[in-house]
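The structure appears below as structure tokens.
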Amino acid sequence: MNFALRTRHSVLPGFGLALGFTVLYLSLIVLIPLSAAFIKTASMSWEAFWATVTAPRVLASFQLSFGAALIAALINALFGLIVAWVLVRYRFAGKKVIDAMVDLPFALPTAVAGIALTAVYSSNGWIGQFIEPNGIKVAFTPLGVVVALTFIGLPFVVRTVQPVLADLERELEEAASSLGATRWQVFLRVILPAILPALITGFALSFARGIGEYGSVIFIAGNMPMKTEITPLLIVIRLEEYDYAAAAALGCVMLVISFAMLLMINLLQSWGRRRLVAGRS
């Protein structure tokens, strides 16, 4: 009886139809394009593939792309948590404006963001003209790549952590304080375990976004081979040279490495959730 009622009032179609649509949609949007990249790469011999992906210029681009994305994601995990905390826990004038500004990297075209960051951090820019004489050069350096990836990745952490902080029960914090816990103890033992899965998710999203970023980076990076050249740009260069197999090979390597790192992050996130549930029980 209850099963019949649930079935009758279900908004979605039957399980078989819904599952078939899901598999078809994911195949058309995700699986088939990715499979095409691997199929194109398979047309290369192993020697040609290895020579392509281990070339010094390619390895330097891998190091910059993944290293800069990781550093930017770590920065966003820290400061994104602070921004989310301020937006949730405090009331101040202009709060809604700042809250809306967090989503600006989502709406702003990445090329516009890259041009703006380059104009600000160049040697004659608003900020660059003051920090470059002190030995801090941002534009056209790997540091500029980190700045661009931090800019476009911040909203992922803020918007992931913010609702979790908003739903966090204040009674738990008050109970811990009444038992003599300091502010840091309340944060480390009550708040942080509750928001850790969301924080890891935001970190993973920011990291994944940074790996494939192109528009905001090519302007501020300078695109110097072996120094500030990211892998997505190198793939575009191979495509312009009509070397489709090499471009597909680089894309497949990035895909495999990204999938492995995201899998590790997801496993860590699952471990954090199990630990949180075990602690509550």
Side-chain angles (χ1 to χ4, degrees), residues 1-46 49 52-53 62 65-66 69-70 73 76-77 103 105-107 109-110 149 152-153 155-164 167 196-215 230-232 234-236 238-239 243-277:
M1 179 69 124
N2 292 334
F3 176 77
L5 289 176
R6 287 198 299 267
T7 304
R8 188 183 306 119
H9 291 90
S10 176
V11 177
L12 297 176
F15 172 76
L17 181 60
L19 179 61
F21 174 79
T22 301
V23 173
L24 176 62
Y25 184 80
L26 290 178
S27 298
L28 294 175
I29 301 300
V30 180
L31 296 180
I32 293 178
L34 295 182
S35 300
F38 282 99
I39 292 173
K40 190 65 178 180
T41 304
S43 64
M44 304 175 64
S45 64
W46 172 253
F49 171 79
T52 299
V53 300
F62 283 151
S65 295
F66 287 97
L70 180 61
N76 283 328
D103 293 327
F106 284 151
T110 55
L149 297 184
I152 58 100
F156 291 97
V157 178
V158 176
R159 294 311 184 205
T160 305
V161 176
Q162 188 176 1
V164 179
D167 294 337
L196 186 59
L199 184 62
I200 295 176
T201 300
F203 168 82
L205 293 174
S206 177
F207 174 72
R209 181 70 175 84
I211 291 176
E213 177 59 22
Y214 177 78
I230 58 175
T231 306
L234 197 56
I235 293 175
V236 173
R238 294 292 179 264
L239 290 174
D243 192 354
Y244 301 120
L250 297 180
C252 289
V253 172
M254 288 196 68
L255 177 63
V256 171
I257 297 176
S258 301
F259 180 80
M261 298 187 71
L262 291 177
L263 180 61
M264 293 175 58
I265 294 173
N266 287 333
L267 292 176
L268 181 61
Q269 181 183 9
S270 299
W271 172 79
R273 287 177 177 174
R274 290 194 301 268
R275 184 179 178 184
L276 178 62
V277 172

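Only this structure's heavy atoms are used, side chains among them; waters, hydrogens and symmetry mates stay out.
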To the nearest 0.5 Å, tell me how far [X] [atom1] sits from [Y] [atom2].
X	Y	atom1	atom2	answer
Leu24	Leu19	CG	CG	11.0 Å
Ile200	Leu205	CD1	CG	12.0 Å
Ile230	Leu149	CD1	CG	7.5 Å
Asp243	Ile235	CG	CD1	12.0 Å

Which pair of heavy atoms, one from [X] and one from [Y], lies closest together, and at what distance?
X	Y	value
Ser206	Val157	CB-CG2, 4.3 Å
Pro33	Ser27	CD-O, 3.9 Å
Leu239	Ala247	CD2-CB, 3.6 Å
Ala69	Gly210	CB-C, 3.9 Å
Met44	Ala249	SD-CB, 4.0 Å

Apply side chain to side chain contact (heavy atoms under 4.5 Å, CB included) to residues Phe156 and Asn76 and explain how you reach the verdict. CA-CA 9 Å; Phe156 291 97; Asn76 283 328; over 6 Å; no
Filter on salt bridge (charged side-chain N to carboxylate O under 4.0 Å, His left out), then keep only pairs touching residues 203-212, sequence neighbours left out; what's left? Arg209-Glu213
Between Phe203 and Leu70, is a side chain to side chain contact (heavy atoms under 4.5 Å, CB included) present by the stated rule, with each step listed? CA-CA 9 Å; Phe203 168 82; Leu70 180 61; 3.7 Å; yes
Is atom CZ of Phe38 surrounded by more than 12 heavy atoms (other residues, nucleotides or ligands) closer than 6.0 Å?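 Yes, enclosed.
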Hey, is OH on Tyr25 packed in by over 12 heavy atoms from elsewhere, all under 6.0 Å? no
Looking at side-chain heavy atoms only, is the closest gap between Leu250 and Phe62 below 4.5 Å?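 Sidechains of Phe62 and Leu250: in contact.
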Tell me, do Leu199 and Thr160 make a side-chain contact under 4.5 Å, heavy atoms counted?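 Answer no - side chains too far apart.
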In chain order, what residues pass the ring pair (Phe, Tyr, Trp, His ring centres under 6.0 Å) check against Phe66, with sequence neighbours excluded?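 Partners of Phe66 by the ring pair (Phe, Tyr, Trp, His ring centres under 6.0 Å) criterion come out as none, since no residue qualifies.
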